[in-house]
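See below for the structure under consideration.
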Amino acid sequence: MALASTTLPAKTGLSLWCPTSPSLARRLPVRFSSRIASRGLVTASFANENREFVIIGGGNAAGYAARTFVENGMADGRLCIVTKEAYAPYERPALTKAYLFPPEKKPARLPGFHTCVGGGGERQTPDWYKEKGIEMIYEDPVTGADFEKQTLTTNTGKQLKYGSLIIATGCTASRFPDKIGGNLPGVHYIREVADADSLISSLGKSKKVVIVGGGYIGMEAAAAAVAWNLDTTIVFPEDQLLQRLFTPSLAQRYEELYRQNGVKFVKGASINNLEAGSDGRVTAVKLADGSTIEADTVVIGIGAKPAIGPFETLAMNKSIGGIQVDGLFRTSTPGIFAIGDVAAFPLKIYDRMTRVEHVDHARRSAQHCVKSLLTAHTDTYDYLPYFYSRVFEYEGSSRKVWWQFYGDNVGETVEVGNFDPKIATFWIDSGRLKGVFVESGSPEEFQLLPKLARSQPIVDKAKLASASSVEEALEIAQAALQS
């Protein structure tokens, strides 16, 4: 899970397709709507090339979109999902958490984390899609799109006509170039089940692991490597972990926890290349200063980029990346929507454009988009940024980590608590509480955080700083909600 990309002030005057009728037939482009009515092309068996609704992608957003179609009675015989993976949509965050646990520590495995279990919903196994009349096309990614003819082409040459198209392709991992060893055996990137399976195979035979990147992927992969009792080093160019969110003080706390678990850090370092042995497998990471770190497994976690694929002719947000959409996830091309990581959307609460790479946004954007498409729902998406991480949660761990953050990390900060086990950080800008972070909170405390971040109450910074505990600090902030 990555933090939001660089954000920009929202621009006005963007011309986007805006159907005014809640009637589905009038929401579809005229030529396809009439085709459905005259030929009866929408059937549960999908005996021909026409689909009323097509979702491209097999991650969180696709799974939650499918559930919303079902809830609105518009899935059976009408919806098709096309994915490059061999699996029905699943809760992707598991891949860098419990999925990487060693066999003796009860790792997560499918079908246990198919969507929508992460959001408290039903586990949507492949049989669920069959029962709901949803056509699933596996391991056949879309490679071409003709928007004028409303036709998609898959890798195997399959032609799919659509009435409405939802792009939920997510992101692809940023990779090292081949010329510096980015594709050597033993070098891993984590985005899909197949990636995680390959990494697990390496971890089972590994002795020394190097993690490149000090963000979410790096922190979560390193915690998993500890569970395998491996020599683990994290290398990153910044001077602290998770620099885009953590304050220096917060980073120091987590770095110390990782050190207590045997993890080593090489900060402020850049990679020159990855070295290979006589068998072609990675053997070391060579740094720009000429030093090397031995490694038989390397995990690259240096960010991700929107998976635009064959949709590059749609309107893009060149500043933050991704497909430009409005508050209902409509692109500027009639009948085409984009959701989840790939969508650049207006962040209403802070009046700026953004792109968010996070499971919570994937779920919520999918639900909002489909409701807007199928009903008279016209409320603008009003997302509150939310990030979390859970690591060291395997059996035998001396300390489990679970933190949550809501809001915007701008302004001055106030830190309360000693990290034993709790700590909280509050971001205050012009006297208002803008963001709040809590480690090891109770369910009630975690439930309070979004209320605080959305309301942005005026708080007494000095009073907050004088709190003797996280509990007292949250009580002060909660009281500010009512003042």
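Because the structure is predicted, anything quoted here is derived from the model rather than measured. Along the sequence shown, residues carry numbers from 1.
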*Verify whether one side chain among Y99 and D197 offers a donor that lies under 3.5 Å from an acceptor in the other.*
yes
*For Y383, check ring pair (Phe, Tyr, Trp, His ring centres under 6.0 Å) against everything at least two apart and list the hits.*
H361, Y381
*All ring pair (Phe, Tyr, Trp, His ring centres under 6.0 Å) counterparts of Y87, not counting sequence neighbours*: none
_Under a plain distance cut-off of 3.5 Å, with no hydrogens placed, do Q124 and Y90 share a side-chain donor-acceptor pair?_
no
*Quick one: side chain to side chain contact (heavy atoms under 4.5 Å, CB included) partners of K422, sequence neighbours excluded?*
S440, E445, V470, E471
*asked:* Taking salt bridge (charged side-chain N to carboxylate O under 4.0 Å, His left out) as the cut-off, I'd like each qualifying pair that reaches into residues 474-483, sequence neighbours left out, listed once.
replied: none
_Please enumerate all residues that pass side-chain hydrogen bond (donor to acceptor under 3.5 Å, both in side chains) together with Q240, with sequence neighbours excluded._
none
*Set of ring pair (Phe, Tyr, Trp, His ring centres under 6.0 Å) partners for F246, sequence neighbours left out*: Y254, W403, F437
_Side-chain donor-acceptor pair present, R175, N183, cut-off under 3.5 Å_ = yes
_Residues in salt bridge (charged side-chain N to carboxylate O under 4.0 Å, His left out) contact with E312, at least two apart in sequence or another chain_ = none
*Qualifying side-chain hydrogen bond (donor to acceptor under 3.5 Å, both in side chains) pairs with a residue from residues 447-458, counting only residues at least two apart or across chains*: D382-R454, K434-Q456
*Not counting sequence neighbours, which residues clear side chain to side chain contact (heavy atoms under 4.5 Å, CB included) with P107? List them please.*
F101, R109
_Going by ring pair (Phe, Tyr, Trp, His ring centres under 6.0 Å), name the residues that satisfy it together with Y258, two or more places apart in sequence or in a different chain._
F392
Would you be so kind as to tabulate the donor-acceptor pairs closer than 3.5 Å made by side chains of residues 111-120, with sequence neighbours excluded?
unit_1: H114; atom_1: ND1; unit_2: A88; atom_2: O; d: 3.3
unit_1: H114; atom_1: ND1; unit_2: P89; atom_2: O; d: 3.1
unit_1: T115; atom_1: OG1; unit_2: P89; atom_2: O; d: 3.3

_Taking side chain to side chain contact (heavy atoms under 4.5 Å, CB included) as the definition, give me every residue that meets it alongside E294, ordered by chain and number, with sequence neighbours left out._
K208
*asked:* So that I can tick it off, tell me whether K463 and E472 are bridged by a salt bridge, with the cut-off set at under 4.0 angstrom between side-chain N and carboxylate O.
replied: no
*asked:* Between D178 (side chain only) and G182 (backbone N and O only), is there a donor and an acceptor less than 3.5 Å apart?
replied: no
*Can any side-chain N or O of E255 pair as donor or acceptor with the backbone N or O of L241 at less than 3.5 Å?*
yes
